[in-house]
Each structure stands twice: as C-alpha cells, then as structure tokens.
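Here is the structure we will look at.
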Amino acid sequence: MEIQIFWEEFVPPPECPVFEPSWEEFADPLGYIAKIRPIAEKSGICKIRPPPDWQPPFVVEVDNFRFTPRIQRLNELEAETRVKLNYLDRIAKFWEIQGSSLKIPNIERRILDLFSLAKIVTEEGGFEAVCKERRWARVAQKLGYPPGKNIGSLLRSHYERIVYPFELFQSGASLPPCKPRPYDSDEIDREYKPHSIPLRQSVPPSKMSSYGRRANRLKPEPEPTEEDIEKNPELKKLQIYGAGPKMMGLGLVPRDKTRKKDPDVPPPPPNLIVKEDDDDKNHTDDPNDSSDEPCTKMTMRLRRNLNNPQFVDSFVCRMCGRGDEDEKLLLCDGCDDNYHTFCLIPPLTDPPKGNWRCPKCVAECKKPAEAFGFEQATREYTLQSFGEMADTFKADYFNMPVHMVPTELVEKEFWRLVSSIEEDVTVEYGADIHSKEFGSGFPVNNGKRHLSDEEEEYARSGWNLNVMPVLEQSVLCHINADISGMKVPWLYVGMVFSAFCWHIEDHWSYSINYLHWGEPKTWYGVPSSAAEKLEEVMKKLTPELFEFQPDLLHQLVTIMNPNILMSHGVPVVRTNQCAGEFVITFPRAYHSGFNQGYNFAEAVNFCTADWLPTGRSCIEHYRRLRRYCVFSHEELTCKMAACPEKLDLNLAAATHREMFIIVQEERKLRKSLLERGIKEAEREAFELLPDDERQCDKCKTTCFLSALACSNCQESLVCLYHAQDLCSCPSEKLYLRYRYTLDELLAMLHRLKVRAESFDSWANRVKEALEQEEGNKIDIKDLEVLKEEAADKKFPNNELLQRLNTVLADIQKCESSSTELLSNSQSRRMSLEELRTLVDTMQNLPCAKDIAVLQKIEEFDARAQALVDSTKDEWKQDSPLPAASEIQALLEEGASLPVIAPACELLSGLQEHGRWLGEVRRTLGPEGSEVTLAVLRNLMESGCNVPQSISVETAMAELQELLTIAVSWEEKAQICLEDRQKHHLSTLEAIVNEAQLIPVQLPNILSLQACLSRARAWVTDLEEIQNGEHYPCLDDLEGLVAIGRDLPVKMEELKQLEMQVASAHSWREKASKTFLKKNSQHSLLEVLCPCVEKSKKMEENSLGTEADSDVNVLGLTAQDLRDPGAIVMAFKEGERLEKEALLRLQQNGGSAPSLTSSQSVCVCSGQPCPLLHRCHLCKDWFHGGCVPFPSLLGSSDTNLTKPLCWWDWNTRFLCPRCQRSRRPRLETILALLVALQKLPVRLPEGEALQCLTERAINWQGRAKQALDSPEVQRALERLQQVEQEMNSIKEEAPEEKNKWNGDTVIVLSDSEETEDGVESLLSLVPCLKGPVIELTTSTRAQLEELQLEGDLLEVTLDQTHTIYRILQAASQPHQDALINRLQRQHSCPSEQKDT
C-alpha cells in the first residue's frame, strides 16, 4: 500500500457541466439527455436546471411518512481512514490481551499516525535497518513533520515501545530480553478506544444515543489507579507470551487487593498445588500446610464445576493431549484450555506471573477484518422529527443558523472529519427508502388519491421519476418487474455530513436524482473513461479493504478524498445540487457526495438505446467478480427483439446490433458443447423461474438463453461460459437447457433487421416524393400517407421527417393564403413581393396550384409605372402635374385589388407631391393669407414626407431661407424686448421697418411695434404736460415714469422725470417729518388742510380715527386737485366751515359728565372716571391715561429761572383730534416753502402749505394789531410790573416767596416743582384770587376770537401764548382745572408729555 499524507486543506474539484433547457427541449427528456450526452459524458455527471415555471408539487404524506435511517460514522467511511482504524483496532487488541490499553502519543500537536509509521518503516527495510542506517529523520519527513526538531528520535521511541512488539508478534518471532526504554514527553498520550467496526454492524446501537457537537474518541486520561484496575477487567489481564520477559510500556500499577475465594469451590485435586497471589496479605495460616513442600511460582485458576464428567478431560494439554506433569500445566484466562510450558512454541522456562492467554486467544488479533456495511438506527423518525434533529445538529456544530453556514465551509469540514482518526462524528441518513411503500414525492396516477389538473400534468411529465424509466425510448420499460431503485424511485432524507460513497449504478445504467426541497447536495463525479483508473487507485492505496471484499466499490460504503484521486490522475468534477434541480449520472460514471443539511431527494435509474453495449460489458464484469445481477441482460434484449414493431427506431437498431452479438456468442458457446459431446437438450422458460434457481453456480450470472445442467446433480447449474466447472460427471449426464433455438434467435434477429431497415424504404419514398419534377407533381394525400406511416412505425425525429413536415406545412399555408386571396377574405392585403413568393413557393412544392391574380396585378403595375415615368421629366422642369382625376382613378383601381401594388405607392406620392407644391404656392403667393412661423414649419415638415423632386427641393430651400430670416428677426426683436439693455427709439424703428418687409407674421416684431407706438404716445403726453399753463402734478409725472420704465425704449426725458419725481418725494418726506407726529394716522395733506370732516364728526360725537384719502380732504376730485385756484377756494371754504363748527361745539359744550352716567368719553369710548381732561377747543372729555397733557410749567422754551405766576401756568389742553401735528414754528414752514418754489412739480401738499402759511401770516398780523392796542399794552405792563415785584420779594425775603399781599397772587419757582412742592401747591390753590387785570368786553371778545383761530392753526406762533396769558390774568383762577392738573402731575409725573 502506498502511504499518502494529506494534511492540506481540501481543494474543491472543478465544476461539472450545467444545462438549462428551453421549454421545447425540456418536452423530450430522453431526447435532451441524448443531445447533451457528448458533452456531459466527459464529466460523468451533469446538472440540469428545469425552466423556472416547472415546479412539481410535493405530494408525500408528511404525517404518515416514517422511516429508520442508517448510522454513518464519518471517519469509517473514508477508505484510508478505515484501514488505519482497523490497524489501530488490531494493535489495541494486541495490547489489550497484554493487559494494557493503547495510548497514542501526540507529536507537534497532532496524534501520531501509527499505521503510516509502521508502513513507512516497513518500506524502509524494517526497524533494525532504519535504526542501523539512522533513517528516522527521513521517516519523520515522510510523515509530514518539520525537520530539525529531533522528531526522528521520538518516532523511534514510540515505534519501539508500541508498534515493534506488535510487528514481532505478527511475524511470529520472539522478543529478546530487554529493559523498557524510558519515555518522557511534554504531551499527554491519548488512550485509544477500539472502533470494532465489523462487530458493530451486527449489534444495534443504543436507543439513548445522542448527537453531540463532536465526539472525541481519543482524549488524554490519567494513569489507572488501583481501584480502576480492580473495576476494569481489561486491566486485570497481564499476559506474558513466549520465553521473553514482560512486554514494555504497559504502565500498569501493581495491585494489592487479594482475590476473594469462593467458599463453594471444592478443593483441588491432590496432584495440583495451588498458590495464592504474592500480593495477598490477608490469607489465614493452615496448620496442615508445610512451608517446606515444594511449589511452583504460578497461579492456576480453579475450575468451578469439578463434578462435571468432562472435568478430568479438561486438565490435559491441548498440544500433546496428556495430563501428566500437572505443575507445568498453564490455564488460559481466556478460553480455560491447558498447555504445558514445554509444549508452547517457543517453550517457557519459567511459569509466568499473573494472567496468561493461550496462543489461540492471542491469534485473534491477527484475524482479517470482516466485510463492512452500515448499521440501522433503532429510532424511527417522521420528516418533522428528523428535520428538527438535523437542523439542531448542524446549528450546534457550526454554532450559527443553518441557513448561514457556507457550503464551502461544510465541504472542507466534511473532508476533514472523514480523514480524522481522533474525531468520531456520527450522523444518520434516510437512504434507499422505497417510494412504492412510502409514496413518491412526484404525483403518481395510481388511483390512491385524486389529482388536481396541475398534478395530472406533472404525473404525465417525462421528468417525473416514476415515468422516466418506462418511457418508450427507455429500455427498462420492457422489464415487467418493478425493480426498486431502478424502475421504482428511491427516496433519500439527508442531514448535514450524511454521505453516499463512491459507486456506480447497477448494470452501469444511467441515474437521475431530483432534489425536492432542502439544503443542497454536493456531488463528485468521475467519467466512465476513468472508472478503471479510480478502481486501480483505490485498490493500490487500500489493498487491505479489497483483499477480503473484492466488490467493495459496489457496496456503497467507501469514499476517498477527491484530492487524493486527482493527485493520482483521476479526473473529478463536483457540483452543488440545489432544490428543484436534476443531477444525471452516466453509465459507469463513479459518483459520491454528501448533504449540506436537511433535504429530501428522489432518484431512479433509466437506460436508453446507447446503454445496451455498456450493459453487456457490465454483465461480463459482474461475471468476473461473481456478482449477482439485478436482471438478465439477455432476457431484456430478447424481450425487445420479440416485438420489434413496438420499439422506437433507434432502439430497434441498437437492439439489432446487440442481438446480433448475443446470437453470435450463443452460437459459438453451443457449438463448443457439441464438440464436447453434449447433445441432450431441453427447452426451459427461464423467465418463469426465480432468479436464485437460474443463477450460475460459478459466476452468479442469471441465465436466460441457455444453461448447462447435470441429470445427476439436479441442484447444479452453470452458464455456458463455465461449462467446465459444473461437475465431474461424464458428458452423457450433461444436458443443455435453452430458451430459444438458434433458428428462433435468427428469426428474431431478422425481424429486428426488417424493423430497423423499414426506415430506409420509407426514406427512399419520401425523397422521391419531395424531389418531383415540374411536370410530375403528386397529390398532397400521398405525402400525408408517408407522414402517417412514420407515426405508426414510430420513426425517430430525423431530418427527412422534418423536411416532410415542413413541406406539408408549406402546402397547407399556401392553400390557406391562396384561398383567402381569391375570396378576398384576408385580414390584411398581401404585397406583390409576398404574392410572388407565394407563387414561387407553390411552384417549388410537390403539389402545385396556379394563381391568375398575379397577371392582373402586374398589368396594373405596368400602367401605373408608365404614368409615373411619363411625368418624371416634367417634375424636373417644374411643369404642371398630371390631372388629379387620372391619378385618383388609378388609385381607386389599385385599392380594389386583393394585393398591394407597388405602383400605388408611387401614385400616392405623385398625388401628395402636387398637393404640397400647390399649398406652398398658395401660401407664398400674393393671394395667400398671413404666413406665420408655424405655417412655415408645418410646410417644411410635410415636405419631407412627399416624394422628392427638383420642384420640392427648390420650394424647401425657399421655405428654409424665409424661415431662417424670419427667425433671425424674431430673435433680434426678442433681444430688444428684454429688459437687459434698452435701445434708442430710432434704432427700434429701423428694426421694425426692415422686418416689415418680410412676408411673415412675427409676434416679437409686432410686440416691438406696439412698444414703439406706446413710446411715441408717452413722449407726446410728456410734451403736453410740460407745455401746459402750470407745473405738472406729481401724480401725472409718476404715471409717466411708470409707463416709461415698462417700455423697452431708451428715452432721455425719462431720467429727467425720475429726478423731478424723486426731488418731489424728498420734499414731501421732509414736510411729513416736520408736521406729522410719530405713528400718526393722518396724511400730510390732512394735517395741512382745515379739519372740515373732523369737525362734523366731532359735532356728531363720533370718535372714529380712520384717515380719509387726500382726494376727500377738501371735497375735491383728483382733477380739481390739479387746479391751484380750486385748491385755494376749497381751502378758504374749509377755514370758514371749521371755525363755524368749533363755535357751535363750544356753545353746546356742557359740564363734566357724571361718573355714574353711561355716556362714553375719550378716544377709547370708555366710561367716565376721575381725573378727566377737557379739550380747550372741542370741549370733549378725555381720560388722563389715554391722552398726553402738557407740563404745568408750559413749554420747554419758557425760562424756568424766573418765577411763574398762576396765569402763566399751562392749563390749556388740546385733544389729539384738534392738535393733529407737531405744529412747527412759522420760520420752519417758510423754509419748506422756499424749497417748494424750486421744484418744477406741483404737489397738493405744497398748495395746502402755501394756504396754511398765508392763513398763519394773516392771523399773526391781526394778532399783533390787537396786542398793540393801548388797553392790551396797559394790561401787559401791569403783568410785567407784578412779575418784577415778585422777583424783588423773592430776592429780599425767600420765606415770603409764595405769597404776595397775602392773598392775591401765588407764584411757583422752578426749584419747587417737585413732588413736595406740588403737595404744598394743592393746599394753596383755593387761596388763588383774580382777576389781576381788567379788560373791556370788546377787547376780551376780540382776544378770544383770535385765540380760537390761533388754536386751529397747525403752526406755533408766540402771539398765541401771549393772548392766552392776558385772557388767563383777566379771568378768575380755574381752581378745579388747577387741582386736577396738580393731582395728575402728582400721581403720574412720568406720564407728563409736552404736546
């Protein structure tokens, strides 16, 4: 045996071919397999993926499906690993009978391969030669150990200690006396537990077997203790064989326990001296025992049954048969036999101490291994329980979910496990389950269950494994018996690592495997051309297995690593079969594999016509191996030959060739019998006999055509190949048993030949019919007869039959087309080319039919073509076209024809050509309507679809030129219309004028022309405004600016107008800031004009604060506001109305409202409350918190360094309705008027401001005139005198500053207007007395009227305050108003605001 050391990782072989048939190819299973055979056969196996929609239902009754799997121990499957395990079992048994257990050392972290070590040492010349020549380093290198670590000396020590004694024992030599070699190692030896592979096949496993992740059979164990030795019977056995000393390396610990004696055991015979164990210390002293008597140094085991009559016979030596010299008799501890010490070979000089075994027991370890086979499990599974077990095992083993384990990882782990002698992984495989008993996974029409329409379809499918073996093209359909596994599928339920070993199918047939569902199945295949090479390699590498099992590869129990086979030149391929895929194995193609996980597969055999020679070769191979046949190959061939008309043509031809060889061989064999003088013969219906009654006694072949029997030896039967081995009886006693005579066989052969050659006759007639000349046409019925004959005789699909079917299909198609053509019932009209093709096809067919319509079509086509040709030159000259009526008449005639004439298309083009040119002329002519760009583009687009001519090309060029120019002007106009850059009016006018010369309507040019018209109108409007009687109004200028900005025309006047408008807006903003309060609700024009509308509302007690528009301020329309005279007249009228309204309000003003009244007051329209203020003008009441009130000391302009008299106190309050603006001083207003005069723009606010200024200056003149009167001057002098007296008193007597004359005048200095000063003033208000001065009634009335008019002015004038002081001093002090103001100032000093 050649030693192979494979420590490398598994390398997957190349992939096998994978085929994906189309639905058409898939319809013929055996035909498709024959098609792919030239490619797939080179690999041995191939994979077929059905079309995606082919998904047969799984019909196994899952609940009733119960099976018992086989047990597989992975490392016992691999051939080399099994050889090693068998060797280890033998050497372990050797050491067991020596009283020791086998412990395998570890070197370099792996256990020592004792088998390979022993083989390599043997190849190197044996132990002595290796030691003598110091070749242990070379041995270590061959074992795959790295050099340079002194491993050679370790190997020598282990070999000498463990293997060498066994090798000596095997050779029958004696071990010379020597001392045990000490062995020290850092690594712990692992005790080996024997596998007992042959023995276990007949012993059922325990029902409590569990599936652990890994089962490490070899593991380090401590040295056995005394208690262990006592409990373990194996350790109690201590054997010394031969004349040598005790064996080395047993490592037993001596025991000190004595063996208890059985009190029932009778005393030994008088001639047998019994001695206790040397280590027994507890025996009692016998007084009759004499220590001087001689005794032997061995312990003899006492027999228990001394009353047995065979007891005395058992005390005799098995070698010499004598019973004398009892002291030299040794009793075997294994079989109770006796041997003299001097009868042993070699003889023993001294009796051995301890247990001893005879040579017969020791020789058991030399027995060869028995035949190996799988053992059955004891547990029965359902599919669910087996799947749960399988998934749990895989998930636990790989420590991950089963669906996440890569197939590559499982494959490498599988080949690692099968090659390991230290890891025993056990799996179960539900293999070879009979589908006839448990039900197929495919639907079957057996009447047991109702099938749906879909199931019926799959039940009839040739890919259904129940159907494929019995297809017409299959050889097995001619076997009546249901051969399980061959004709009836077998089922396979797999789990991870469960394997099927290297094998070929029975009779070297095809096989097909379908994986219904589950995880993939990994396959390995070897082509038939390398089958003998594989057998040779496996026998070479493991001769021990084949020595006792020559047909080992037929037992499906042995695998070998594909990498090892490939390294020896055996081509191997692989594939992963997934669910829904087929795997085909070809004749004599070795295959093996394993399952990736839980799955369900189904397999069956089938044989095609090409298999017959292979099947005959297989029978010859079986004859040499003396292997039983599944069926008789001769019987199968003769059964097919008996009914040749039922055979497929290819099968008939193949059967004829096979039958011819069989008949020739049978004739030769029978002739040899005649030459031997055997002439007796009798007919025998072998097919009616059981197979075991017609098997050759020599080669086990099943006989059918003939056999040789003997009249004396009735039970003997041989085939004619072993006629010499039947018996030794004379030839006269021998006779031939035959099934058919040679004449019958020749007749069968002839019928096969006729069947095979019937195709040739049919083929000749078909060729003759298909190759008829023009004048010898045949009838279509003759061709149909030939087709029916091919179907009746089951001729194969060949090229000639395909031609016949094609011709018949063409004839039928031509007849259908011609019928539709002549009846004018066709769905679409046929073209002239199709008609000519149809006519040509019919003329080329064996059956012809003339079609007269072709001549009519060609005649019309000629007339139309003549018209077109006659106008071709005229088109070029752009002359008038042919009359439309003539063209239309020809077109109508062509439309009525059953075939589309090519000339119709030319006529249609000619008609379209004239129509288009006419449309172009009308469009571009003087009488044409307005032309747009869309019209031009449509004309050009339709011009591309008319037949081209010079006229069309010229018109197209003209249209293109016009379109290009128009688009160019459109783009220019578009640029001008955009606001990016404005152009001068003259430039745009030039563009428009030029564009108007183009006879096309251009939208952008029209838009630009409209813009120019608007620009001219704008310039005209501007000139009218600027040349008017007055300056233009701001609103008019703003409108012109807005229009001018929207125009795409560059105008210089626009920029000037924008500056004027901007300056007017600037003046209006400045005036607004001067007059308007912050967040004022009034416009500037409202503030500047008299408050006519407000006066009316106040008259009506309305508190609304909504602002009116500027147009309604003076009651003027927008057009009236443009007339300065109208504005002045309206302003004067407003003054009058405002004054009259206020006079009426003052006359109607009553007392303060009651706090309990429901009258609303103030701007908030709330209820009256304390501290109400009354407006000086409108006499309305307001809350102190809702309106601002002036400081008691007056305006900030008052000089606060001098004391103020009570008439100087500012008790006057104007409400927000009466004082609507900031009331700037007259000097500020005059500055605004100066700026207004510089503006070339008229504003309504400017007119109003002028009127307001004129009104203020007029009032100021009247006020000065009144104040300059003598009476008023005397009053002013009197007030000045009083103030001077107050100043002098303050300077002389500060403590008297608050009084003058004790009761007439009260003054308040600026330093006393504090919180404490206000409190002190409140107490002095009742003491105020007046008036200080006296005024006449007329003077008072004049001053009061001036004060009223001054309060109405939105201008601040000094005369207003002077008149107020004079009127205050000439009146009684308003104590209530003073107290109210002082209390308000005291409570909310922070709320005082200067109005």
Does atom [atom1] of [X] have more than 12 heavy-atom neighbours from other groups under 6.0 Å away?
| X | atom1 | result |
| --- | --- | --- |
| Q714 | CD | yes |
| K42 | NZ | no |
| E620 | CD | yes |
| R626 | CZ | no |
| Q664 | CD | yes |

In plain terms, say whether [X] and [Y] are close enough for a salt bridge, that is, a side-chain N and a carboxylate O under 4.0 Å apart.
| X | Y | answer |
| --- | --- | --- |
| D432 | R70 | yes |
| R683 | E744 | yes |
| E532 | R588 | yes |

Side-chain donor-acceptor distances from residues 733-740 under 3.5 Å, at least two apart:
| residue | atom | partner | partner atom | Å |
| --- | --- | --- | --- | --- |
| R737 | NE | E684 | OE1 | 3.4 |
| R737 | NH2 | E684 | OE1 | 2.8 |
| R739 | NE | E687 | OE1 | 2.8 |
| R739 | NE | E687 | OE2 | 3.1 |
| R739 | NH2 | E687 | OE2 | 2.8 |

For the pair W502 and H591, evaluate side-chain hydrogen bond (donor to acceptor under 3.5 Å, both in side chains) and give the outcome as yes or no after the intermediate values. CA-CA 5 Å; W502 285 112; H591 50 278; over 6 Å; no
Working note: T741 + D743, criterion side-chain hydrogen bond (donor to acceptor under 3.5 Å, both in side chains); need CA distance, chi angles, decisive distance, verdict. CA-CA 5 Å; T741 65; D743 292 337; 5.2 Å; no
Using the test side-chain contact (heavy atoms from CB on, under 4.5 Å), find all partners of [X] that sit at least two apart in sequence or belong to another chain.
| X | answer |
| --- | --- |
| V467 | N464, L471 |
| R574 | P12, P13, E15, E411, T522, Y524, N576 |
| A601 | Y492, N513, L515, K521 |

Ring pair (Phe, Tyr, Trp, His ring centres under 6.0 Å) with F582: which of Y510, Y514, W523, Y32?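 Exactly one candidate clears the test, Y514.
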Over 60° means perpendicular and under 30° means parallel, so tell me whether Y381 and F386 are parallel, tilted or perpendicular.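 The arrangement is perpendicular - the two ring planes meet at more than 60°.
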Examine distances only and state if a side-chain atom of [X] and a backbone atom of [Y] form a donor-acceptor pair shorter than 3.5 Å.
| X | Y | answer |
| --- | --- | --- |
| S474 | C607 | yes |
| D697 | V718 | no |
| K47 | T575 | no |
| S435 | P489 | yes |

Using residues 628-636 as the side-chain source, report each donor-acceptor pair under 3.5 Å to any protein atom, sequence neighbours left out, with the distance given to one decimal.
| residue | atom | partner | partner atom | Å |
| --- | --- | --- | --- | --- |
| S632 | OG | E635 | N | 3.2 |
| H633 | NE2 | E658 | OE2 | 3.1 |
| E634 | OE1 | L705 | N | 3.4 |
| E635 | OE1 | R694 | NH1 | 3.3 |
| E635 | OE1 | R694 | NH2 | 3.0 |

Gap separating the NZ atom of K668 from the NZ atom of K671, nearest 0.5 angstrom: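 That separation rounds to 10.5 Å.
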Not counting sequence neighbours, list each pair that qualifies as a side chain to side chain donor-acceptor pair (under 3.5 Å) and has a residue in residues 702-713.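 Listed once each, the pairs are E666-S706.
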Ignoring hydrogens and angles, state whether a donor on the side chain of E602 or S440 is under 3.5 Å from an acceptor on the partner side chain.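 Yes.
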Could you give me the CA-CA distance, side-chain angles and deciding distance for M560 and L534, then say whether side chain to side chain contact (heavy atoms under 4.5 Å, CB included) is met? CA-CA 10 Å; M560 181 170 282; L534 179 140; over 6 Å; no
Examine R627 relative to Y622 and say whether NZ or CZ is less than 6.0 Å from the centre of the six-membered ring and inside a 45° cone about the ring axis.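 Cation-pi check for R627 and Y622: passes.
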Less than 4.5 Å apart, side chain to side chain, heavy atoms only: is that true for F586 and C46?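 Of all side-chain heavy-atom pairs linking C46 with F586, at least one is under 4.5 Å.
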